[in-house]
Amino acid sequence: MNASRAFAEQCGYAGQSPAMLAAFETIRRSGIAEARAAHFARKKLTDALARDPALCQAMIHPADTVDEALEDIKAFILRTRAMPTWRRHNHAQALRKAKAMRLHLRFFRRFADRILARQAA
């Protein structure tokens, strides 16, 4: 229970309520599990990109380069943020997908030279 108490203190809770400490423990454990699941999902995709760089070309279509695709995603995110909240909820799935795509494309842009050189060797 010390880890949950430390987590609760880091979140700003200074009380001693067992119910609140149990709630913080649940949040801490589920948050870690969700973060790990998201990490492994990203790693699975980036490993697939490392094995087959043609997947990156399929991801960025219809853009010609990774930078163009990132600009398109940035414009989409900005347009979505400018929408009223009730309309933004209709585009929540597309927004999550765009943010994930942005993350993967940034990874590929950063490590593409090394990935392609390793594949050519």
Side-chain angles (χ1 to χ4, degrees):
M1 199 65 129
N2 288 337
S4 64
R5 180 166 289 155
F7 178 71
E9 288 173 0
Q10 289 172 354
C11 292
Y13 180 72
Q16 300 297 324
S17 169
M20 284 298 290
L21 291 174
F24 275 110
E25 177 65 14
T26 303
I27 291 168
R28 186 180 71 85
R29 288 186 185 273
S30 67
I32 290 170
E34 287 178 25
R36 284 184 180 154
H39 166 74
F40 288 122
R42 287 189 300 271
K43 182 161 176 29
K44 182 179 176 183
L45 183 65
T46 53
D47 287 346
L49 282 172
R51 284 191 300 276
D52 187 12
L55 281 176
C56 184
Q57 189 62 35
M59 282 175 60
I60 67 173
H61 184 75
D64 291 329
T65 65
V66 172
D67 291 326
E68 283 182 30
L70 286 169
E71 286 299 318
D72 293 345
I73 290 170
K74 181 180 175 183
F76 172 74
I77 291 172
L78 289 174
R79 279 194 313 270
T80 307
R81 284 183 183 160
M83 290 180 183
T85 304
W86 62 272
R87 265 190 91 195
R88 202 175 317 144
H89 290 298
N90 296 340
H91 298 284
Q93 182 65 27
L95 189 60
R96 277 193 296 275
K97 185 178 176 183
K99 287 181 178 180
M101 183 77 72
R102 179 178 61 179
L103 177 75
H104 299 305
L105 290 174
R106 283 180 176 166
F107 169 84
F108 193 76
R109 182 177 61 183
R110 182 175 297 153
F111 297 108
D113 297 336
R114 288 185 230 164
I115 291 169
L116 295 174
R118 190 179 318 140
Q119 186 178 13

Identify, with sequence neighbours excluded, every residue that meets salt bridge (Lys or Arg N to Asp or Glu O under 4.0 Å) alongside Arg102. none

I need the Leu70 CG to Leu103 CG distance, nearest 0.5 Å. 10.5 Å

Rounded to the nearest 0.5 Å, the NZ atom of Lys97 sits from the CD1 atom of Ile73 at a distance of 10.0 Å

What residues form a side-chain hydrogen bond (donor to acceptor under 3.5 Å, both in side chains) with Arg96, not counting sequence neighbours? Gln93

Ser17: which residues meet the side chain to side chain contact (heavy atoms under 4.5 Å, CB included) condition with it, sequence neighbours left out? Tyr13, Ala19, Met20

Determine, for Glu25 against Arg29, whether the closest basic-nitrogen to carboxylate-oxygen distance falls under 4.0 angstrom.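 Answer for the salt bridge query: yes.
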
Does one hydrophobic cluster hold both Ile77 and Met83, with members joined at side-chain heavy-atom distances below 4.5 Å? no

Which atom names give the shortest non-hydrogen contact between Phe76 and Ala98, and what distance separates them? CD2-CB, 3.7 Å

List the atom of Ala8, the atom of Phe24, and the distance in Å for their closest heavy-atom pair.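 Closest approach of Ala8 to Phe24: CB-CD1, 3.5 Å.
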
Strictly by side-chain hydrogen bond (donor to acceptor under 3.5 Å, both in side chains), give each pair with a member in residues 66-92 just once, sequence neighbours left out. Asp67-Arg109

